[in-house]
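Starting from 1, each residue takes its place in the sequence as its number.
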Amino acid sequence: MKHLTLRFIHLSCIIFLLVLFMTATASYAEGPTDHNHPAVVHDQGVPATGHDHTAPISADVHAPPAETHDHHASGAVPTHDPSAATTAAHGDHGGHGTGEAHQHPGLPMVYVWGSVVTMAGILLWGLWAGAPDDRPKRTINLSQAPGVGRAVRWFYHAPWPLVTLKIISVTVFLIVVYAGLFGSPLPERNLATNFVWNLWWPLVVVSVFFMGSFWCGICPWDTLASWLVRHRLWRRTNPHPGLNLKVPQALRNVWPALLMFMGLTWLELGIGVTKIPMATALMALIMVILAFVSLIIFERKAFCRYFCPVGRALGFYSRLAPIGVRSQNQEICTQCKSMECYNGSEEIEPCPTHLTIGRFSQNTYCLSCGNCALSCPHKNVSWQLRSPGSEALAEARPMWDGAWFMLALMGITSFHGVTMMPFWNTWLDTSAHWFGETEMPIAGFTLGMLAGFLLPVLVYALAIGATQMLLPGAIGYRRLFVALPFSTLPLAFAYHLSHNLDHLYRETGGLWDVLANPLGTGLVAMTAAERQLRLVGGGMSEQVLFLSQAGLMTLGLWLAVEILRHRGWGLQVGGGRLTGWRLAPMLVFIAAMTACNLWLMAQNMNMRF
C-alpha cells in the first residue's frame, strides 16, 4: 500500500509539472507572437514599420527599405544595435543579441505540443517500465562495412589523408585570424566573426552527432602548436622537444577545462567577443599559444586532455555519438605486448592522451588523431558504429570532476539561449542601474551566468537527495551524484544541436558575400533590409528545420530517460535497485530541464549580430 501511495505521489508530480509547462506554453501562444500566422513571423520580408517585427511585412524583400528602417541612419541608431559603429566601440551588452535586433522565429506551437505529448508518454514509460535490456549492444566495424569500408581503410592506411585535412584546417584558420586582425570592425561584414560563430562552432557541435570527436583530430590550435614545437608535419620527433614534464596530479582532471569553458562563455557572451572581429581572432591565437606552451612544458598533449574547453565539451558529447575508435578484435589487443597504440612506433607519435586502444571504453579523451590506427602492427584499430548513447548508458566511468562538467554543459548551454531572449537586456539594464555601471553591465551578466550554471546544479542536487531517500538501503550521496549526471548529457546535446541548427539556417545567408570579401573592405553596416534577408535561411524548408528541432528535443529526453534507467539499474543497494517509481525525482528533474529548453526554443530569439 505504501509503494502504491508513493507511486501515485510521484506520478502526480510529473503530471503536475507537465500541466504547468503546457499552461506556460499556452499562455505564450496567446502573447504577441502568433506562430499560426506565418505572414506575421515567418515571412522574411522587410518590416513594414519601425522596429515592430510582429507587424505584417512586405512581400517584396528586394525593395529598398524605408528611411525609418535604416538602423544606421543619422538619429535612427537603436540603443542596443550591435552593428552600429561596432556596437558603439563595443559598449553594448554582449550576449548573442540585443534588445532591438532582428529575431529568429521560435518553434511553432504545433511542434511544441507534439513534443510535449510524446515526451509525457516517454516519462510515464520511464516511471513504470521494468528492468532495462542488458543485452550486449551490437556494433559494426566500419572498416569492413559495405560501401564505406574501403574509404575508412584508405583514410587510416597512411598519414597523408589526415595531414591534408590539417593543412586545410590551418589555412582556413590563418585566413580567419588575418581577417579578424586587419579586416572591418563590423561583425556582420568580417569573415572572422561570421565564420567562427555562425558556421564553425555550430558545425563542430553538429559534427559530434555523426563523427564523434573527429574535429579534435584536425584542430588548427593543436596542429599549429605541434608544427611549431616539432618542426614536422607528422613524423615522430624523438626525443620530444621541451621539458616533457608530467602534468601535476592536481591538474589531471577536467576542472581546468571547466574553468576555461566558463571563462570563454563569459568572454563570448559577457564581453561580446562574438561581435568583435579582432577579439575573436586574438582569442583563437591565445588558444594556439596555450597549446604551444603546454607542448613545451608537459609530455604529450596535456592541453588537449586537461585544459581545452572545446575539446572536453566535444569529448563528453562524444559519449552519445554513434561512432567511436575501438579495436576490431579484442583478443589481439589482450595478447599484444608492445602496445604501439600507447607507446607509438618509430615514425608515429604515441597516443597524445595516454590511452590504450584495447583497454579504454569511452570517447571522452580520444582525439581521433589516428595515431593508434597508423602505429598498430596488426591493423586492429577502426571506427565502430554503435547505438547512440551506448557509451553513456553503462561504459563511461563515473567521476566527480566529470559529473560537474556534464552539469555545467547543461546549464551553460541553456544559458546561451537565455542571452538571446529579449528580456535578457532588460535584466542587464536593471542590474547596471543597481551596480552603477555605465558601460558594460559585467556584474549583472556574471550574476546571471552563475545563476544559469548553479540553478540546474541545485535542482539536480535536490533530485539526488530525494532519490537517496527512496532507496531501500544506504548509499552515499556522492556516489549517486556522480552516477546519474550522464542522463543530463542528451538534454544539453539535444538543445545545443537544436539551437545551433537555428544559427546555421538563419545566420549563414550572407556567407557567400562575406567569403567574396573576407575583410569587409569598403562595406558599411548592414541595413535592416539586409538583416531581414539573412533570416530567410536556405538549403531546406523552414518546416524541416522545425521538425528537426522538435525531433532532437524529443530524442534527447528519450535518451536521457534510457540512460537514467540503465545507470539506476546498475546501482544495487540492499537487495533493491534504482528503478521504476524510485526514479521519479530524477524524471521530474529531466522533465523540468526539458521543459525549460523547449520553452526557450519556442521563443523568438535575437540574431547574434
Just by distance, do the side chain of [X] and the backbone of [Y] share a donor-acceptor pair under 3.5 Å?
X    : Y    : result
R189 : L519 : no
R319 : A392 : no
S207 : V204 : yes
N198 : T508 : no
E437 : I442 : yes
T280 : A192 : no
Q603 : L600 : no
E188 : M526 : yes
N190 : A179 : yes
N253 : Y306 : no

Side-chain contact, heavy-atom cut-off 4.5 Å: [X] with [Y]?
X    : Y    : result
L199 : N194 : no
W221 : V310 : yes
V177 : L285 : yes
L269 : W424 : no
F292 : F303 : no
Y111 : Q549 : no
F182 : M278 : no
M593 : Y495 : no

To the nearest 0.5 Å, what is the distance between [atom1] ([X]) and [atom2] ([Y])?
X    : Y    : atom1 : atom2 : result
F316 : F261 : CZ    : CZ    : 11.0 Å
M420 : N604 : CE    : CG    : 10.5 Å
Y505 : F546 : OH    : CZ    : 8.0 Å
T413 : L497 : OG1   : CG    : 10.0 Å
L290 : C308 : CG    : SG    : 9.5 Å
L545 : H104 : CG    : NE2   : 10.5 Å

Mind listing the closest non-hydrogen atom pair of [X] and [Y] along with its distance?
X    : Y    : result
S115 : A550 : OG-CB, 3.4 Å
W255 : D401 : NE1-CB, 3.5 Å
N606 : N425 : ND2-ND2, 4.3 Å
P220 : S169 : CD-OG, 3.1 Å
S498 : L552 : OG-CB, 3.5 Å
L515 : P518 : O-CD, 3.4 Å

**Report entry** Verdict with reasoning, T594 to L491, per side-chain contact (heavy atoms from CB on, under 4.5 Å)
**Finding:** CA-CA 7 Å; T594 303; L491 302 181; 3.4 Å; yes
Requested in this report: Please assess T193 against T274 for the test side-chain contact (heavy atoms from CB on, under 4.5 Å), listing each intermediate value before the final yes or no.
Outcome: CA-CA 6 Å; T193 42; T274 56; over 6 Å; no
Query raised in the report: Would a line drawn from the ring center of Y460 to the ring center of W404 be shorter than 6.0 Å?
Result: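 Centroid separation for Y460 and W404: 6.0 Å or greater.
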Query raised in the report: Pick from H499, H496, H416, H503: which one makes a ring-ring contact (aromatic ring centres under 6.0 Å, His included) with W201?
Result: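 Only one option passes, and that is H496.
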Query raised in the report: Can you name the residues that form a ring pair (Phe, Tyr, Trp, His ring centres under 6.0 Å) with F195, not counting sequence neighbours?
Result: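 In terms of ring pair (Phe, Tyr, Trp, His ring centres under 6.0 Å), with neighbours along the sequence ignored, F195 is linked to no residue.
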Report task. For side-chain contact (heavy atoms from CB on, under 4.5 Å), just list the numbers for L450 and F415, CA-CA rounded to whole Å, side-chain angles, deciding distance to a tenth of an Å, and then say yes or no. Result -> CA-CA 10 Å; L450 289 176; F415 176 70; over 6 Å; no
Requested in this report: Take L428 and F445 through the test side-chain contact (heavy atoms from CB on, under 4.5 Å) and record every step on the way to the result.
Outcome: CA-CA 7 Å; L428 292 181; F445 175 85; 4.1 Å; yes
Query raised in the report: According to the interplanar angle, ranging from 0 to 90°, do the rings of W427 and W434 count as parallel (below 30°), tilted (30 to 60°) or perpendicular (above 60°)?
Result: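 W427 and W434: perpendicular rings.
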Quiz: residues 208-215 side-chain donor-acceptor pairs under 3.5 angstrom, not counting sequence neighbours:
from, atom 1, to, atom 2, distance (Å)
S213, OG, C366, O, 2.8
S213, OG, S368, OG, 3.0

**Report entry** Polar side chain donor-acceptor pair, N597 to S414, under 3.5 angstrom
**Finding:**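 Yes.
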